[in-house]
2 protein chains.
Amino acid sequence: LIEVRGVHKLYTVGSQEVRALDGVDLDIRRGEYVAIMGASGSGKSTLMNLIGCLDTPTRGSYRLDGLAVERLRDEELARVRNRQIGFVFQTFHLLPRTTALANVELPLVYARMPRGERHELARKAIAEVGLSERSHHTPNELSGGQRQRVAIARALVNQPSILLADEPTGNLDSTTSDEIMELFDRLAAAGKTVILVTHEDDIAEHARRVIVMRDGKVISDRQQPGS
Amino acid sequence: LIEVRGVHKLYTVGSQEVRALDGVDLDIRRGEYVAIMGASGSGKSTLMNLIGCLDTPTRGSYRLDGLAVERLRDEELARVRNRQIGFVFQTFHLLPRTTALANVELPLVYARMPRGERHELARKAIAEVGLSERSHHTPNELSGGQRQRVAIARALVNQPSILLADEPTGNLDSTTSDEIMELFDRLAAAGKTVILVTHEDDIAEHARRVIVMRDGKVISDRQQPGS
Ligand SMILES: Nc1ncnc2c1ncn2[C@@H]1O[C@H](COP(=O)(O)OP(=O)(O)OP(=O)(O)O)[C@@H](O)[C@H]1O
Ligand SMILES: Nc1ncnc2c1ncn2[C@@H]1O[C@H](COP(=O)(O)OP(=O)(O)OP(=O)(O)O)[C@@H](O)[C@H]1O
Ligand SMILES: [Mg+2]
Ligand SMILES: [Mg+2]
């Protein structure tokens with residue numbers, strides 16, 4: 001499903017070259033449940049953005065479901081993203097003057113879903129992350145963990161076949177974390193491909209495979225029982 | 001040092017009343033090392049903002065070092081904040097088009113420190129959080145954990161007597177977390193007052209006192225050995 005080959009991502013800041021990804025080869029099959037770990041700055045979010053078709057490599061290639069992503073035009077890329085991928089961003093990226101409910105509906109608006117059906121699915125997704133009583137709050141009227149949960153609900157609402165979640169429990173207490181991990185586990189059990197970036201071992205333990213990154217490279221890649 | 005009495009914080013969203021703080025009484029003495037825990041949405045950040053003089057209660061009073069905070073004028077409040085308090089925000093609040101170094105210098109600019117001395121202290125603070133090689137990056141050229149560390153450096157740069165840190169390790173891997181906790185432990189050992197919001201038990205264990213919140217109230221408040 002996901003085929004990353006010889007991928008490099010280079011930035012130039014002033015006179016300094018930053019190697020965010022420094023030669024990554026990776027295969028992830030449909031339905032795998034993967035955790036990506038590694039030190040702060042090791043390239044995890046950069047890799048996630050690449051896999052999620054939100055960024056392109058400086059060098060190397062990325063195939064998603066056989067499609068060479070760099071050859072897709074913008075509208076095709078946007079359609080692939082909207083239909084196949086749900087993304088929980090490390091910094092949430094919620095629309096500031098928009099209610100939680102409207103934020104969660106957004107992927108369904110892009111998918112041209114009629115309003116009644118859209119409302120219903122968004123309400124369900126918000127209920128699944130325990131925020132029914134906050135659906136009319138805008139992001140600045142929500143706590144950090146509530147914003148994170150709105151971002152999660154938005155990623156799940158159009159039932160994507162691939163869920164990419166970058167530090168999805170970073171702002172959540174352990175009880176709420178468990179509730180979110182239950183959602184992700186259920187998705188994985190239903191055959192979806194789930195890829196989480198996390199720095200917490202308890203969270204990584206839910207996955208069947210753990211990839212560790214350092215300095216823009218994959219330094220370890222192991223199977224594990226999962227939970 | 002910190003005296004919270006009968007504090008309530010109410011919001012109205014549409015027709016709904018939200019009790020972010022629902023009757024809080026709290027005393028924190030100078031030099032205490034405190035962890036605040038509790039479920040997402042329980043009022044931790046709201047309480048922190050109150051203690052940090054960034055917000056005022058709907059009802060009740062707050063004294064900082066004997067001063068009735070609600071009676072201070074804006075410039076006095078700003079001066080108290082700048083001189084006594086370092087605040088690490090849950091969502092960082094970095095200036096977007098400004099380098100890491102310039103972001104960290106900001107409290108010293110407000111304190112009217114001359115440029116050479118400012119640069120030096122800011123460079124030191126950035127080195128202490130392991131980001132010397134990223135000092136000229138702007139926030140969007142930094143990873144999530146790097147932004148968090150810039151926010152931490154900025155809170156420490158003017159050597160505040162009170163450090164308030166809201167989920168300071170939420171985006172950090174365990175090695176980087178340990179480095180940050182060493183900084184905080186050293187501050188506490190030097191007699192500073194340190195108050196952390198965290199949802200991780202390992203982090204809370206560093207403190208000498210753990211306060212747990214639920215639904216806008218303090219439901220437990222215990223001493224512990226610390227580490
Ligand atoms: N401006 C606001 N308007 C309305 N409600 C608000 C506002 N700010 C916060 N709230 C509500 O007040 C409650 C407490 O918020 P607070 O940010 O203090 O929670 P928290 O304990 O820090 O949560 P988290 O662990 O998720 O960061 C939440 O239920 C939130 O929805
Ligand atoms: N736009 C950019 N310009 C320059 N450097 C960048 C840019 N974006 C990221 N970087 C650098 O690339 C490296 C990898 O960043 P990335 O966000 O992928 O790290 P990460 O593993 O997600 O870290 P964290 O755990 O802190 O979120 C970092 O050292 C960062 O400073
Ligand atoms: Mg990241
Ligand atoms: Mg909070």
Side-chain angles (χ1 to χ4, degrees), chain A residues 11-16 18 20 37-46 48 89-92 94 99-100 129-131 133-149 166-167 169-177 179-180 197-202 204 212-214 216, chain B residues 11-16 18 20 37-46 48 89-92 94 99-100 129-131 133-149 166-167 169-177 179-180 197-202 204 212-214 216:
Chain A
Y11 294 107
T12 311
V13 181
S15 58
Q16 185 191 17
V18 178
M37 305 187 82
S40 173
S42 55
K44 308 179 294 296
S45 296
T46 306
M48 289 288 268
F89 296 93
Q90 191 170 7
T91 50
F92 319 156
L94 300 177
T99 65
V129 297
L131 286 178
E133 298 181 3
R134 293 283 182 271
S135 53
H136 298 296
H137 287 229
T138 57
N140 69 312
E141 296 170 336
L142 292 172
S143 76
Q146 290 167 346
R147 288 176 207 169
Q148 187 153 40
R149 282 182 276 160
D166 197 345
E167 311 268 9
T169 62
N171 282 285
L172 302 177
D173 57 284
S174 44
T175 305
T176 314
S177 268
E179 290 164 19
I180 294 304
V197 170
T198 183
H199 62 256
E200 296 188 51
D201 294 313
D202 306 354
V212 182
M213 296 188 68
R214 188 165 69 204
Chain B
Y11 293 107
T12 311
V13 180
S15 58
Q16 185 192 15
V18 179
M37 305 188 82
S40 174
S42 55
K44 307 179 295 297
S45 297
T46 306
M48 289 289 268
F89 296 94
Q90 191 169 7
T91 50
F92 320 154
L94 302 177
T99 65
V129 298
L131 286 178
E133 298 182 1
R134 293 283 182 271
S135 54
H136 298 296
H137 286 229
T138 57
N140 68 315
E141 296 169 335
L142 293 172
S143 76
Q146 290 168 345
R147 288 176 207 170
Q148 188 154 38
R149 282 182 277 161
D166 197 345
E167 310 269 10
T169 62
N171 282 285
L172 303 177
D173 57 284
S174 45
T175 305
T176 315
S177 268
E179 289 165 18
I180 293 304
V197 170
T198 184
H199 62 257
E200 296 187 51
D201 295 313
D202 305 355
V212 182
M213 297 188 67
R214 189 165 68 206

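Letters A, B, ... mirror the listed sequences (proteins, then strands); counts begin at 1.
- Of the listed residues (B:Gly43, B:Ser42, B:Ser40, B:Gly145), the greatest number of heavy-atom pairs within a distance under 4.5 Å of chain A belongs to B:Ser40.
- For chain A, the option among B:Thr175, B:Thr176, B:Leu172 with the highest count of heavy-atom pairs below 4.5 Å is B:Leu172.
- Looking at B:Gln90 and A:Asn171, their side chains do bring a donor and an acceptor atom within 3.5 Å of each other.
- Between chain B and the residues A:Gln148, A:Arg147, A:Glu141, A:Arg149, the largest count of heavy-atom pairs under 4.5 Å involves A:Arg149.
- Both the backbone and the side chain of A:Gln146 come within contact range of chain B, each with at least one heavy atom under 4.5 Å from a heavy atom of that chain.
- In this view, A:Glu133 and B:Gln16 satisfy the side-chain contact (heavy atoms from CB on, under 4.5 Å) rule, not counting sequence neighbours.
- Of the atoms belonging to B:Ser45, not a single heavy atom falls under 4.5 Å from chain A.
- Looking at A:Thr169, the atoms closer than 4.5 Å to chain B (heavy atoms on both sides) all sit in the backbone: N, CA, C or O.
- For a residue to count as touching a neighbouring chain, one of its non-hydrogen atoms must lie under 4.5 Å from one of that chain's; by this rule B:Thr91 touches chain A with the side chain only.
- In this structure, the separation between OG on B:Ser174 and CE on A:Met37 is 7.0 Å, given to the nearest 0.5 Å.
- With a 4.5 Å cut-off on side-chain heavy atoms, B:His137 and A:Val18 count as touching.
- For the atom pair CD (B:Glu200) and CG (A:Asp202), the distance works out to 9.0 Å, reported to the nearest 0.5 Å.
- For A:Ser143, the part sitting under 4.5 Å from any heavy atom of chain B is the side chain, from C-beta outward, and nothing else.
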